[in-house]
Protein chains: 2
Amino acid sequence: MQQDPAKDGPKETLEDALVRTSYHVMGILTRLGAEHDLSLTQLRVLGILRDRRGRMSDLAAHLGLDKSTMSGLVDRAERRGLLARDKNPQDGRVVDVFATPAGLELIHRLLMEFRREMAPATERLTPEQRDQLTRLLELFLEKPPAAPVRPARPR
Amino acid sequence: MQQDPAKDGPKETLEDALVRTSYHVMGILTRLGAEHDLSLTQLRVLGILRDRRGRMSDLAAHLGLDKSTMSGLVDRAERRGLLARDKNPQDGRVVDVFATPAGLELIHRLLMEFRREMAPATERLTPEQRDQLTRLLELFLEKPPAAPVRPARPR
DNA sequence: TATTGTTATACTCTATAACTATA
DNA sequence: TATAGTTATAGAGTATAACAATA
């Protein structure tokens with residue numbers, strides 16, 4: 001799923017560039033996480049919970065994981081003091097999860113380290129190119145840009 | 001590590017866009033792989049071996065994995081008939097790995113499915129935007145553009 | 001009955017340590 | 001001695017199935 005970056009052959013497809021970029025970014029996240037004994041998934045959970053709490057089922061759905069997998073993930077993070085559980089007062093079946101101060105501290109440290117790790121790559125771009133890339137990725141991700149210049153709707 | 005895609009607040013950073021893009025692409029690869037009982041790592045190994053063979057140690061280094069992990073990965077793929085091992089005639093210690101016809105068939109099918117899965121997103125871009133995005137990502141990934149305008153070397 | 005979570009089980013992924021074989 | 005791989009072991013991530021509690 002990875003194109004050899006060395007061969008300057010014909011022209012690379014957008015798909016290849018996206019896959020290579022993704023493996024690159026994930027590689028950095030994996031390494032950074034490993035330095036703090038966090039898997040990519042734990043990192044992601046912590047990232048999601050850095051500014052909100054969430055119920056087990058919503059987290060699992062958001063991550064595309066089974067609820068039983070979610071239980072295990074939260075178990076281990078809770079054992080380490082990074083996350084905590086709360087019974088939801090509205091619905092006795094629901095369990096809410098949130099980051100502890102230690103968890104928040106860790107995720108913010110990780111975010112800073114991530115920016116630092118990415119710097120060599122992002123600094124290869126001019127500020128204009130960075131903006132352009134950000135906008136193109138948002139478009140790609142379906143996030144409608146601030147100024148909606150939507151053309152006529154289909155049909 | 002993930003920004004809420006819904007909030008159209010200030011402006012998203014390049015780092016956030018890259019992380020979101022990476023999780024998106026990895027999510028597609030994970031799902032596609034799972035439909036054929038392939039993990040992200042197996043997928044990647046198969047992708048690397050789709051046009052060359054490689055020794056165990058080189059593969060492990062390229063993937064950033066321990067050699068013992070590599071042994072397990074190749075064991076399981078070999079048991080499924082997707083990869084095969086060969087003793088290297090030059091150096092008796094070395095084991096070369098390559099994809100079987102079945103493995104090649106599978107990875108090519110997966111690559112086609114991947115393109116199809118990505119289509120909804122890539123088609124949100126015009127051909128010009130796709131080219132632009134590809135070039136920006138290559139720049140980001142340090143792949144020097146065709147015309148090397150390298151400035152003076154440090155020192 | 002349906003939904004939310006947890007637990008038991010099994011398999012893959014991963015690294016560390018100890019080992020074998022070759023150089 | 002050093003290098004290439006494998007094996008044993010252990011922990012994390014994952015899903016399926018069975019279960020308990022609540023709605």
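Sequence lines set the chain letters: A, B, ... in the order given, protein chains first and strands last, and positions in each chain run from 1.
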Check whether any side-chain heavy atom of A/L106 sits under 4.5 Å from a side-chain heavy atom of A/L38, and report yes or no. yes

Nearest-angstrom distance from the residue atom CG of B/L43 to C1' of C/dT12: 15 Å

Rounding to a whole Å, what distance do you find between B/L46:CG and C/dC13:P? 12 Å

Cationic N near anionic O, under 4.0 Å, A/R109 to A/E105: yes

Just how far, in rounded Å, is P of D/dG11 from CZ of A/R80? 15 Å

Between A/G92 and A/Q42, who's closer to the 5' end of DNA chain D by nearest nucleotide? A/Q42

Presence of B/R76 side-chain N/O under 4.0 Å of C/dC13 phosphate oxygens OP1/OP2: yes

When you match A/T41 and A/Q90 each to their closest nucleotide on DNA chain D, which lands nearer the 5' end? A/T41

Given 3.5 Å as the limit, does a donor-acceptor pair link the side chain of B/R53 with the main chain of B/D86, or not? no

Pairwise side-chain contact, B/E12 with A/L137, heavy-atom cut-off 4.5 Å (strictly under): no

In this structure, how many angstroms lie between the C1' atom of C/dT12 and the NE2 atom of B/H36, rounded? 18 Å

Find the distance A/L73:CG to C/dC13:P and express it as a whole number of Å. 17 Å

Check the distance between C/dT22's P and B/D91's CG and give it to me in whole angstrom. 11 Å

A/D66 and A/T69: side-chain donor and acceptor closer than 3.5 Å? no

Can you check nucleotides 5-7 of chain C for protein contacts, nitrogen or oxygen pairs under 3.5 Å, and list what you find?
residue: C/dG5; atom: OP1; partner: A/V95; partner atom: N; Å: 2.9
residue: C/dG5; atom: OP1; partner: A/V95; partner atom: O; Å: 3.3
residue: C/dG5; atom: OP2; partner: A/S57; partner atom: N; Å: 2.7
residue: C/dG5; atom: OP2; partner: A/S57; partner atom: OG; Å: 2.8
residue: C/dG5; atom: N7; partner: A/K67; partner atom: NZ; Å: 3.0
residue: C/dG5; atom: O6; partner: A/K67; partner atom: NZ; Å: 2.9
residue: C/dT6; atom: OP1; partner: A/R85; partner atom: NH1; Å: 2.5
residue: C/dT6; atom: OP2; partner: A/S71; partner atom: OG; Å: 2.6
residue: C/dT6; atom: OP2; partner: A/R85; partner atom: NH1; Å: 3.3

To the nearest angstrom, the NZ-C1' distance between B/K87 and C/dA23 comes to 13 Å

Does some side-chain heavy atom of B/F140 sit less than 4.5 Å from a side-chain heavy atom of A/M118? yes

d(CG, B/L40; P, D/dG13) in whole Å: 15 Å

Side chains of A/L63 and A/I48, heavy atoms from C-beta outward: is any pair under 4.5 Å? yes

